[in-house]
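The structure under discussion appears below in the form of structure tokens.
The sequence lines fix the lettering, A, B, ..., with proteins before strands; numbering per chain opens at 1.
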Amino acid sequence: MTAVTLSGAEVDPRRLLKVFASQEALLAVAVIGLAIVVGFYNPRFLATRNLSDVLLGNAYIAVAAIGMSMVIVSGNIDISVGSLIGVLATVSGTLAVNDAPLAVAWLAPLVVGVLVMALQGVVIAYLRIPSIVVTLGMLSILKGGLISVTGGKWITDLPDSFHLANIELFDVVPMPVFLMLVATVIAAWWMRYSAPGRAIYAVGGNAEAARLCGISQPRTVVMVFALHGLFAGVAALLYATQLRVIQSTVPPNVELTIITAAVVGGVSILGGVGTVIGSTLAAILIAEIASALVFINVSPYWIRAIQGVLILATVIADILRRRRIAGA
Amino acid sequence: MTEIPLPCADRRAAPWWLLRHETMLAVILFPALIILGTLNGRFLTFDNLLNQGRLMTEVGLIALPMTFVIITGGIDLSVGSTVGLCAIMLGYSWRNFGFPLPLAIAFSLATGAAAGFFNGLVITRLKAPPLIMTIATLTLYRGLAEGVSQARSVRGYPEWFYFIGQEDLFGVPAQLWLLLIAIVAAGVVLDRTTFGRALYAIGANETAARFSGLAVDRIKLTVYTLSGFMAGLSAVVLVSRVTTTRSDMGNGYELDVIAAVVLGGTSIFGGLGTIWGTVVGLIMIQLLKDGLALTGVKGDATIVVIGAVLILSTLVASSLQRRRGSV
């Protein structure tokens, strides 16, 4: 399997290109197609204001999904990321209200995120505890810890300069969207062309083969989780700065949306395959669907069921596709 | 060749290992109980303990089949969402379809079984990893519960329905009888039937189990269906106890359930575990929660403790196993 992933181009360029391109291309078509269809039904959906709100409000999901994609490609899972984002947003907001320098308030979630996730990575990789157990435990530690420390109070009176969404590059691109795009492009390039990036695929595709190639599996897993923490930190920053207030609780079930984005984006659940361009497109698609429901008069309470169907369909399609490749 | 020694090796190792694990649990449990008891006089009273049994039932009913699932080397993360979906189906079919309540209860249980069956079907037929499959249905089932109910709650059930969740039978909370029967049944099935022994064989080495002629897929399908069905039963008990139906019911149950099972010594890698261990794990977690609450720790802080207990008990169990050289 790894051989197919790693040196795919030599095996059969056309089919492999198709397999790799299809998920991203499909998602791009879906994102644009949905916009056109819903736009016909209700032109207000296409108002610049709405489209930019969709992007602004969900950029943090896309950024977190980048890290999640790396985690899943490496053959692990993380369900603590939603709680971590809640904690990091609160850390950042608390610092900002207490007159910490802006740089500190912005960088603190990144640092804490890397530390927490690297710790989990160490437990998973070196103590060999399955990632689901570690991150499930961490989920409740972070979630319970946050509520008992803050009492669920809202953080208000955030300084204006704290809000990233107010910063617009060239007066057009809001900072969160810019960060989302930059993070996606850099991460995609890094995973595709750098040695450590390729190591993630190798470890996820076939850990034993990776070991024989001289790749340290534990070290790669810790690196992946540390990076995942970095992206979670950026995501928390975007989440914290998007509104005037920060609810110092965990955003409910956000980890499921992030996992959905990563899986629907084409990251194979069996490890070893997937790109972050797909996960960002999928995050945009999910946000777009949620927004579209409102414009076509469908109750927004159905959004999670739709997410569930999307992730299920992708998982099943992925398995069937792999089986066909293996059989062919 | 390999398949025959497996159950035997397991049987030989089990008493030693169980002893070790129980000692470990007792070493933690007793001082904790005594400290909590001295900190608050109400903690070690009969009434309080029975009441804790009442509160433990909903998670306990799911923890039993979860022990089966984890012994086969799988996992079911969708149980909390299944509880939510079944609770909604109970309320919705009663209120909106006009089902009589017994039929609505049956419908709710059938929904749970169907939800579990679907998990098992995709896991066995398509070889989907149980983890991802049940994360997907965790999202889907909760989404269906929210979509169907439109976040509206259902209340006003007839009085007799509250018996299961609130009344006593022979001085013991009614649902505790249900849990006791389920525990005995699960224990007997796991220990004394070929089906139960097959679960260990599958968890220890699925390929070997397959080659030794076990109907691996059918057994796994049964186990996941059972997990969904018991989540449905748990939903019925829960609705009866809290007298209302909401779509967020059972949220986070998967944490409590898996923590209890793993704390009870069932290996997350499959192939090892007992119902007895799960029961001890359940009691420990419930008493810990209650003891902490009575000594003034808020509910949110107790889930911190459960999370830590989950990670630490897995760490200890896996290091014990590694020293034994079986992993």
At a 4.5 Å cut-off on heavy atoms, which part of A:Ile77 comes close to chain B: side chain, backbone, both, or neither?
side chain
Close side-chain approach of B:Ser149 to A:Tyr301, heavy-atom, < 4.5 Å
no
Contact origin within A:Leu310 toward chain B - heavy atom pairs under 4.5 Å
neither
The interface call for B:Leu312 against chain A, heavy-atom contacts under 4.5 Å, is neither
Residue B:Leu126 versus chain A: region with a heavy atom under 4.5 Å
both
Can a donor-acceptor pair be found, under 3.5 Å and without considering hydrogens, that links the side chain of A:Ser140 to the backbone of B:Ile303?
yes
Considering all heavy atoms of both residues, which atom of A:Leu312 and which atom of B:Ala136 are nearest to each other, and what is their separation?
CD1-CB, 3.7 Å
d(A:Lys143 NZ, B:Leu255 CG) to nearest 0.5 Å is 8.5 Å
Drop me the distance from A:Ile129's CD1 to B:Ser313's OG, to the nearest 0.5 angstrom.
9.0 Å
Output for pair (B:Ile135 CD1, A:Thr260 OG1), nearest 0.5 Å, gives 9.0 Å
Nearest atoms (heavy-atom pairs only) where A:Val134 meets B:Ile311:
O-CD1, 3.5 Å
Value for CZ (A:Arg304) from CZ (B:Arg142), rounded to nearest 0.5 Å, stands at 7.5 Å
Using heavy-atom distances under 4.5 Å, tell me whether B:Leu144 contacts chain A through its side chain, its backbone, both, or neither.
both
With a 4.5 angstrom heavy-atom cut-off, could you sort out which part of B:Val148 is near chain A: side chain, backbone, both or neither?
both
Is there side-chain contact between A:Ile132 and B:Leu77, with at least one heavy-atom pair below 4.5 Å?
yes
What is the distance from atom CG of B:Leu310 to atom CD1 of A:Ile141, rounded to the nearest 0.5 Å?
8.5 Å
Looking only at side chains, do A:Ser299 and B:Gln150 share a donor and an acceptor under 3.5 Å apart?
yes
Look up atom CD1 in A:Ile316 and atom CE in B:Met133, then write down how far apart they are to the nearest 0.5 Å.
6.0 Å
Structural part of A:Leu136 lying under 4.5 Å from a heavy atom of chain B
both
Which atoms of A:Ile79 are under 4.5 Å from chain B, going by heavy atoms: the side chain, the backbone, both sets, or neither?
side chain
